[in-house]
Novice: 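Just dropping this structure here.
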Amino acid sequence: MELIQNTPDLSAYLAADEVIDHGHPIVREVAARLAKEAADSYSYAQLAFEFVRDTIPHSQDSGDLRVTWRASDVLEQGTGICYAKAHALAALLRAEDIPAALCYQKFDVVHGLVAVRFNGAWHRQDPRGNKPGVDAQFSLDGERLAFKPDPESNEMDYPVLYAEPHPAVLSVLKAAPDRPYLWKTLPTALGGIR
């Protein structure tokens, strides 16, 4: 599958915004701590991925009822669903000048991923969090995502790489008072995208 930037301007994938708030002190602190352990940008990207995947539980797996959506809140509260964890990883990557995009898959509901840019190419990563049956790994040599879509079941990979969260995703996160409510309102598709 060819991944397609929704904007040709690569600097958009380094920008901070309300969600990917990589200028926030907590994002800067975590990024600085990880950067001290990293030999180069590749190892930093892997450390950031593993940090989000392994130290921030997916709220469905942990039973946490809180809904986070801003990267700094995900890092501060230590919880989030796939979208929120993707926002946190994107912020940590962008904090160290590594282009990061948000991307999605469609299953029963839309699933959130991150794409990182190295050597002139985008590489999708899934910081969702591992559990029995889920083994996502950081990889620049072929995808090691949590889930593989089954086209016969109307599942798919969306090819678009977003500089900002898709509006359908962000609106449900912001509107949800808790995770049970969020689970009833998760998007089942991203409008206009095939």
Side-chain angles (χ1 to χ4, degrees), residues 3-59 64 66-104 110-129 136-140 145 158 160-174 176:
L3 298 174
I4 304 160
Q5 294 177 204
N6 77 324
T7 177
D9 183 2
L10 194 57
S11 69
Y13 298 94
L14 292 167
D17 60 30
E18 169 188 36
V19 179
I20 303 171
D21 57 343
H22 60 75
H24 190 280
I26 194 165
V27 178
R28 300 297 318 158
E29 185 273 322
V30 172
R33 186 166 21 105
L34 294 171
K36 284 182 187 175
E37 300 174 32
D40 55 28
S41 60
Y42 298 99
S43 59
Y44 174 84
Q46 182 171 357
L47 286 170
F49 168 82
E50 291 170 352
F51 177 84
V52 173
R53 182 194 66 191
D54 299 343
T55 67
I56 299 172
H58 188 287
S59 57
D64 197 316
R66 295 174 292 171
V67 175
T68 54
W69 52 269
R70 183 178 287 117
S72 58
D73 292 339
V74 175
L75 296 174
E76 183 177 48
Q77 296 179 37
T79 191
I81 67 166
C82 61
Y83 312 129
K85 292 182 67 160
H87 300 164
L89 178 55
L92 289 173
L93 293 168
R94 291 180 185 186
E96 290 297 311
D97 294 322
I98 299 170
L102 300 169
C103 45
Y104 304 94
V110 174
H111 177 61
L113 308 170
V114 170
V116 59
R117 188 167 178 89
F118 279 112
N119 298 326
W122 289 100
H123 307 273
R124 294 189 310 164
Q125 312 295 327
D126 191 343
R128 181 224 178 272
Q137 301 295 323
F138 184 83
S139 176
L140 302 179
L145 305 177
Y158 289 112
V160 180
L161 301 173
Y162 294 90
E164 299 173 345
H166 191 282
V169 168
L170 190 56
S171 65
V172 298
L173 286 171
K174 284 182 164 184

Novice: Could you measure the distance from the CG atom of Leu173 to the CD1 atom of Ile81? Nearest 0.5 Å is fine.
Specialist: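 If we round to the nearest 0.5 Å, Leu173:CG and Ile81:CD1 are 5.0 Å apart.
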Novice: Of the non-hydrogen atoms in Ala71 and Asp21, which two are nearest, and what is the gap between them?
Specialist: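 Minimum heavy-atom contact is CB-OD1, 3.4 Å.
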Novice: Just by distance, no angles: are the side chains of Asp9 and Ser11 close enough, under 3.5 Å, to form a donor-acceptor pair?
Specialist: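 Yes, a side-chain donor-acceptor pair sits under 3.5 Å.
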Novice: Not counting sequence neighbours, list each pair that qualifies as a salt bridge (Lys or Arg N to Asp or Glu O under 4.0 Å) and has a residue in residues 45-56.
Specialist: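 Listed by first then second residue: nothing to list.
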Novice: Which pairs, with at least one residue in residues 27-47 and sequence neighbours excluded, count as a ring pair (Phe, Tyr, Trp, His ring centres under 6.0 Å)?
Specialist: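 Pairs touching residues 27-47 that pass the test: Tyr42-Phe118.
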Novice: For the atom pair CG (Leu14) and CG (Asp97), what is the distance rounded to the nearest 0.5 Å?
Specialist: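 Nearest 0.5 Å value for the CG-CG distance: 6.0 Å.
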Novice: Between Tyr104 and His166, is there a donor-acceptor pair closer than 3.5 Å when you use the side chain of the first and the backbone of the second?
Specialist: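 At least one qualifying donor-acceptor pair exists.
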Novice: Could you label the plane-to-plane angle of the Phe49 and Phe138 rings as parallel, tilted or perpendicular, counting under 30° as parallel and over 60° as perpendicular?
Specialist: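 Answer is tilted, since the angle falls between 30° and 60°.
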Novice: By the ring pair (Phe, Tyr, Trp, His ring centres under 6.0 Å) test, which pairs, at least two apart or in different chains, include something from residues 13-38?
Specialist: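 Only Tyr13-Trp122 qualify under ring pair (Phe, Tyr, Trp, His ring centres under 6.0 Å).
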Novice: Could you tell me which non-hydrogen atom of Ala163 sits nearest to which non-hydrogen atom of Ala12, and how far apart they are?
Specialist: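 That would be CB-O, 3.5 Å.
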Novice: What pairs with Ser43 under side chain to side chain donor-acceptor pair (under 3.5 Å), at least two apart in sequence or on another chain?
Specialist: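 Counting only residues at least two positions away or on another chain, Ser43 forms a side chain to side chain donor-acceptor pair (under 3.5 Å) with Asp40.
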Novice: Report yes if some heavy atom in the side chain of Pro167 is under 4.5 Å from a heavy atom in the side chain of Tyr162; otherwise report no.
Specialist: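 The answer is no, as the side chains (C-beta and beyond) never meet within the 4.5 Å cut-off.
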Novice: Decide yes or no for Leu170 and Glu164: does some side-chain heavy atom of the first lie under 4.5 Å from some side-chain heavy atom of the second?
Specialist: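 A side-chain contact under 4.5 Å is absent here.
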Novice: Taking all non-hydrogen atoms of both residues, which atom of Ala86 and which atom of Val114 are closest, and how far apart?
Specialist: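 Of all heavy-atom pairs spanning Ala86 and Val114, the closest is O-CG2, 3.3 Å.
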Novice: Roughly how far, to the nearest 0.5 Å, is the OG atom of Ser139 from the NE2 atom of His123?
Specialist: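 Here the rounded value is 8.5 Å.
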Novice: Work out which heavy atom in Trp69 is nearest to a heavy atom in Glu18; give both atom names and the distance.
Specialist: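 What the structure gives for the nearest pair is CH2-OE2, 3.6 Å.
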Novice: Partners of Phe51 by ring-ring contact (aromatic ring centres under 6.0 Å, His included), sequence neighbours excluded?
Specialist: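 With sequence neighbours excluded, Phe51 shows a ring-ring contact (aromatic ring centres under 6.0 Å, His included) to no residue whatsoever.
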Novice: List the residues meeting side chain to side chain donor-acceptor pair (under 3.5 Å) with Arg117, not counting sequence neighbours, and say none if there are none.
Specialist: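 With neighbours one apart ignored, the set is empty.
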Novice: CG/Leu3 to CG/Leu161 distance, rounded to the nearest 0.5 angstrom?
Specialist: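 Interatomic distance, Leu3 CG to Leu161 CG, rounded to 0.5 Å: 5.0 Å.
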Novice: Are side-chain heavy atoms of Leu140 and Gln125 found at a separation under 4.5 Å?
Specialist: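 Leu140 vs Gln125: side chains touch.
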Novice: If you take all heavy atoms of Pro127 and Val52, which pair is closest and at what distance?
Specialist: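 Closest approach of Pro127 to Val52: CB-CG1, 3.9 Å.
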Novice: Any idea which heavy atoms bring Thr79 and Ser59 closest together, and the distance?
Specialist: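 Nearest pair, atom of Thr79 first, then Ser59: OG1-CB, 3.3 Å.
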Novice: Quick one: does Val19's side chain get under 4.5 Å of Leu102's, heavy atoms only?
Specialist: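 No; the side chains remain at least 4.5 Å from each other.
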Novice: How far apart are the C-alpha atoms of His87 and Thr68, what are their side-chain angles, what is the distance that settles it, and do they pass the side-chain contact (heavy atoms from CB on, under 4.5 Å) test?
Specialist: CA-CA 10 Å; His87 300 164; Thr68 54; over 6 Å; no
Novice: Could you tell me whether the side chain of Asp126 reaches within less than 4.5 Å of the side chain of His111, counting heavy atoms only?
Specialist: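 Yes - at least one pair of side-chain heavy atoms lies under 4.5 Å apart.
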Novice: Return each pair, listed once, that meets side chain to side chain donor-acceptor pair (under 3.5 Å) where at least one residue sits in residues 27-39; pairs must be two or more places apart or across chains.
Specialist: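 Found Glu29-Arg33.
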Novice: Quick one: list whatever passes salt bridge (charged side-chain N to carboxylate O under 4.0 Å, His left out) with Asp64, sequence neighbours left out.
Specialist: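 If we apply the salt bridge (charged side-chain N to carboxylate O under 4.0 Å, His left out) test to Asp64, skipping adjacent residues, the hits are Arg66.
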Novice: Indicate yes or no: at least one non-hydrogen side-chain atom of Glu96 is less than 4.5 angstrom from one of Ser41.
Specialist: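 Result no, sub-4.5 Å side-chain heavy-atom pair not found.
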Novice: Considering only residues two or more places apart or on different chains, which pairs with a residue in residues 72-85 satisfy salt bridge (Lys or Arg N to Asp or Glu O under 4.0 Å)?
Specialist: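 As it turns out, the salt bridge (Lys or Arg N to Asp or Glu O under 4.0 Å) pairs with a partner in residues 72-85, which skip direct neighbours, are Arg70-Asp73.
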Novice: The criterion is side chain to side chain donor-acceptor pair (under 3.5 Å); which residues satisfy it with Arg94, sequence neighbours excluded?
Specialist: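 Arg94 satisfies side chain to side chain donor-acceptor pair (under 3.5 Å) with no residue once adjacent residues are dropped.
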